[in-house]
Amino acid sequence: MIKRSKIQTAIVYSSAILLGLVLLCPVLWLFIMSVSSTKDLTTLPLSWIPADISFNNYISLIGDFDSTSAESFLYALRNSLIVAISATVLSLSVAIPAAYSLSRLPGKRRSSLLFIAIATFMMPPVALVLPLYSAMASLGLLNTHIALIAVYCGVLVPFTTWLLKSNFDAIPIDLDEAPLIDGANRLQIIWYITLPIAKPALGAAALMAVLMAWDEFFYALLFTNDIRAKTLPVAIADFAAGRVADYGLISAAGILATIPPVSMAYFLQKSLVSGLMSGSVKG
Amino acid sequence: MVRFTKATTAWLLLTPMMTIIIGVVGYPLIKTVYYSFTAAHLASPATTDRWVGFKNYIKALGNSKFLDSIENTAYFVSVSVSAEIIIGVLVALLLNQAFKGRTLLRALLILPLALPTVVNAMMWRLIYGPDFGALNALLTQVGLLAEYQSWLGDPDLALWMVAIADIWKNFPLVALITLAALQTISKDLIEAATLDGANTWQRFWTVVFPAIVAPVSVALVLRTIEAFKVFDIIYVMTRGGPANSTKTVSFHVYQEAFAYMRIGSGASYALIVVLISALLIATYLWLIKKQGNTT
Amino acid sequence: MKKSKLLMAAALGALVTASPANAEKTQLSALFMAQAAYSEQDIENMTEAFEKANPSVDVKMEFVPYEALHDKIVLSHNASEGYDVVLFDVIWPAEFAQYGLLTDVSDKINSATKEEILEGAWTTVEYGGKYYGMPWIVDTKYLFYNEKMLKEAGISKPPVTWSELTTQAQLIKDKGIVDYPLVWSWSQSEAVICDYATFLSAMGGEFLDADGKPVFQQGGGLKALEYMVDSIKLGLTNPNSREYSEEDVRRTFSSGQAAFAVNWTYMYNLANDPKESSVAGHVGIAPAPGAEGISTASAVNGSMGLGITSKSKHKELAWKYIQHLSSKPVQEDFAKLSLPVWKSSYENPEVTKGQEELLKAAKVGLAAMYPRPTKASYQEMSSALQVAIQEALLGSKEPAEALNEAADVAADLD
């Protein structure tokens, strides 16, 4: 190991502290705002530690079922859960066979499909949103979960296929041979051989998919309009813009919307990192 | 039981994916091309798609507001992506050192990444507040700023401030990708270089740089593609103001199609955006293909 | 892995899809805005009374910021289950009528009702001789002032002309009472057009001439923008005004950081509420000033109406709900944040009590309400004008130059 000089050590630690502050402070401040009274937040000079701490903002968002704030927040939470989970489950069940096919049964024409898939999920949404909007309108699907689930699959299926394909590539192909000879079909092989081995990759793909669906704003803004289908990002955008003066409540809504994805990401930290990685290192 | 040939099986397994890609991406893309030659109107897109030829495109390319929005987007992309890359690589180099609290810091990197984009935008809008915002309070209290600033109200600053919010959220991605690449460098290699008398700077260029250049360039293109789509953060923070200084192409298309209800001309704007994106995506595919061949 | 995921999804699904309301009830979906005029709480209370009287109806209310209101109405038009009742602004009926977004309710409004409601309010819902809803919010912008600060500066009367406002603000600034005496909602949004329209009407300008050609770039329209720009140059207007909306104005004024503010009716009672404001008890209200030799007061028509969407499946019920919300007794009960549309309410002591000053200002203001143009492409003209005004306010263009550019855009619109 290379020894560091005292100065170098000092630089390392001070940059580490700086980095920690930069990462933590904005979110910490959001939290402080959420438990402060409006008066504390609108006095000058700004005091960093609130005079009295109250969780009333949280209560009015998730505790008081009769208020419209709580109603719109809780429904949005419900809609986000339904849409993100359904889109993820659906996408994975489509992506797994596709990824297997691309990895195990390559063909010249089929391999270009992978590149089409990659190009697909990188496509800017504005390129697709107009026909999707009018198609959903004529199918009577605007303001429903189905519209969002379908559209999100368009992004998640190619993404997860790509992610899984590069992971399946790492599994030795010999494992498939014996059961094939014994007469198993490909679906059985996927289910009994490939998936159990690829579990971590599957977890990473699912996690990335849920996070992407949870975060999506553009389609949700355009395809939903009320509590029946509106997801959290849209609810929060509406919420924040309408109540410019109520910093505390806005912040509390932000914190609440952050808890599910952040805690998920932390528990599955390894999966997240490997998910991010495979997207950038392999083709 | 029927036995399919290998090729048939392969195609069968791909069918669901292809159906979804064609249905949710392929068909809409072609329809967007079609719309861009019509006068389709949002109130009833199916009955108003009268053919107008290249009229929408001629109008779009002559629209200074649209060209401005492309310029704004390019500006935003170059500022935020270059900062994300520089900060991300520096942070990765830092986290590759051994020090107490490294694991904690690495875990903290996840926080901005997992924070929903809309919440991130809202959080920074509150921080930038001209009268009660934390940034003004902080900078004046430590003496860096003489008087309160209107961060999002100044057209010369607003796009930068939006970019900072984006940088904060996305530099951890670059950092994590780079860090993974750094960890593949063997310690021996560095020590060998040191024994050969290479200083820190030389070691960086001869050992570290070659190892990270590929993943970092992929991250660069990936971030560029993403940043080019920017919409939500603009919608929440500025809605394109002040004086259109933060209006990006996505926001322009949104306005044309959904506020002014002109789907036809909105589609022509969208396709110009697609052309630009296609170039970026092609670069990306070329990069990963190249990498796939070398590793 | 997948199996447990599916199970989890199913469980969650069962948990969360629990039907939102009693299935036998008819659901009405209504869209309101969450800023200015009636508070959410007010609208909830009004609706609760309606649901009590009509137990078979369940009203789902949606509150969005004003900035999102127009687009939400437009976007939901193609939804098979969109909104039934929507709140719409005075500037939209032309567009909504042309594209068939709202139901024509002309035959539902009788002549007696027509007589009893303020004329200015009717312009909100009328276009091309047809009625597209009921007026609900009759509103204009007033001049609010901090009585304590005026007294401290030795000013006995609030200004009656805009130039007098400049003089008074200068005096207050010179005495060091407050850094920036004036605060406005001049962000890039419809709010800045409302303030601009107020100035324009005071200074005898017009948006469009009789042929529909833009003329705001000259005469009173130009003077209006020059006035706005000057107030910033003189250091009288809080420079943050350029990113403020109405709620920011209220917060700034209520925290004692401005001597004058121009805002909607709703601010009067909120700025006088000690829970919301640190200047409660010192808030004065007057009609927005006029200009010497041209006008004695100015006002913009900022009224809003309630309409039934053209695709609503419960039109009768929706109308019943609208009638309830806009009925005289309901409006009189909730007259603190938004004044009734009914003429006779202004004589009702229940309404006037405690807000005599507001009603005095309203009498002048509501009569002077100046309309913004009614045309289907208003949204686009407005956004071109918003950008022009902001460019001038930020000093990147001269007022005349900026307005000329906006006029060129407006001239090309139909």
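A, B, ... follow the sequence lines: proteins, then strands. Residue 1 opens every chain. The figures that follow rest on heavy atoms only: side chains count, while hydrogens, waters and symmetry mates do not.
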Please classify the contact of [X] with chain B as side chain, backbone, both or neither, using a heavy-atom distance under 4.5 Å.
{"X": "I259(A)", "result": "neither"}
{"X": "A257(A)", "result": "both"}
{"X": "A137(A)", "result": "neither"}
{"X": "I11(A)", "result": "neither"}
{"X": "T161(A)", "result": "side chain"}
{"X": "F121(A)", "result": "backbone"}
{"X": "L232(A)", "result": "neither"}
{"X": "M264(A)", "result": "neither"}
{"X": "V155(A)", "result": "neither"}
{"X": "V157(A)", "result": "side chain"}

At a heavy-atom distance under 4.5 Å, which candidate from [options] has the highest pair count against chain A?
{"options": "P16(B), A137(B), P116(B), P172(B)", "result": "P116(B)"}
{"options": "Q97(B), Q141(B), K31(B)", "result": "Q141(B)"}
{"options": "A107(B), G133(B), A282(B), S250(B)", "result": "A107(B)"}
{"options": "V236(B), D131(B), V25(B)", "result": "V25(B)"}
{"options": "A134(B), G23(B), A7(B), A278(B)", "result": "A134(B)"}

Nearest 0.5 Å, what's the [atom1]-[atom2] distance between [X] and [Y]?
{"X": "F251(B)", "Y": "F218(A)", "atom1": "CZ", "atom2": "CZ", "answer": "10.0 Å"}
{"X": "L221(A)", "Y": "F258(B)", "atom1": "CG", "atom2": "CZ", "answer": "9.0 Å"}
{"X": "L94(B)", "Y": "L18(A)", "atom1": "CG", "atom2": "CG", "answer": "9.5 Å"}
{"X": "Y100(A)", "Y": "T9(B)", "atom1": "OH", "atom2": "OG1", "answer": "9.5 Å"}
{"X": "L95(B)", "Y": "S15(A)", "atom1": "CG", "atom2": "OG", "answer": "10.0 Å"}
{"X": "L111(B)", "Y": "T258(A)", "atom1": "CG", "atom2": "OG1", "answer": "8.0 Å"}

Heavy-atom pairs under 4.5 Å with chain B are the metric here; pick the option from [options] that has the most.
{"options": "I255(A), V129(A), L19(A)", "value": "L19(A)"}
{"options": "V27(A), I236(A), L24(A)", "value": "V27(A)"}
{"options": "V234(A), L102(A), I116(A), V262(A)", "value": "V262(A)"}
{"options": "Y13(A), W29(A), Y133(A), W48(A)", "value": "W48(A)"}
{"options": "V22(A), L211(A), T9(A)", "value": "V22(A)"}
{"options": "S134(A), G154(A), P261(A), A127(A)", "value": "A127(A)"}

So which part of [X] gets closer than 4.5 Å to some heavy atom of chain A, the side chain, the backbone, both or neither?
{"X": "I263(B)", "answer": "both"}
{"X": "I225(B)", "answer": "side chain"}
{"X": "Y269(B)", "answer": "neither"}

When P28(B) is tested against each of L132(A), L130(A), V151(A) for side-chain contact (heavy atoms from CB on, under 4.5 Å), which residue passes?
L132(A)

Within a reach of under 6.0 Å around CZ of F267(A), are more than 12 heavy atoms found that belong to other residues, nucleotides or ligands?
no

Would you say CZ of R106(B) has more than 12 non-hydrogen atoms from neighbouring residues, nucleotides or ligands within 6.0 angstrom?
no

Tell me the closest heavy-atom pair linking [X] and [Y], and the distance in Å.
{"X": "M122(B)", "Y": "S251(A)", "result": "CE-CA, 4.4 Å"}
{"X": "K6(B)", "Y": "R186(A)", "result": "CE-NH2, 3.7 Å"}
{"X": "T32(B)", "Y": "L128(A)", "result": "OG1-CA, 4.2 Å"}
{"X": "M123(B)", "Y": "P26(A)", "result": "CE-CB, 3.5 Å"}
{"X": "A10(B)", "Y": "S101(A)", "result": "O-OG, 2.9 Å"}
{"X": "P112(B)", "Y": "L23(A)", "result": "CG-CD2, 3.6 Å"}

If you define the side chain from C-beta out and look only at heavy atoms, does anything of [X] sit under 4.5 Å from [Y]?
{"X": "P124(A)", "Y": "F228(B)", "answer": "no"}
{"X": "S277(B)", "Y": "M122(A)", "answer": "no"}
{"X": "L113(A)", "Y": "I21(B)", "answer": "no"}

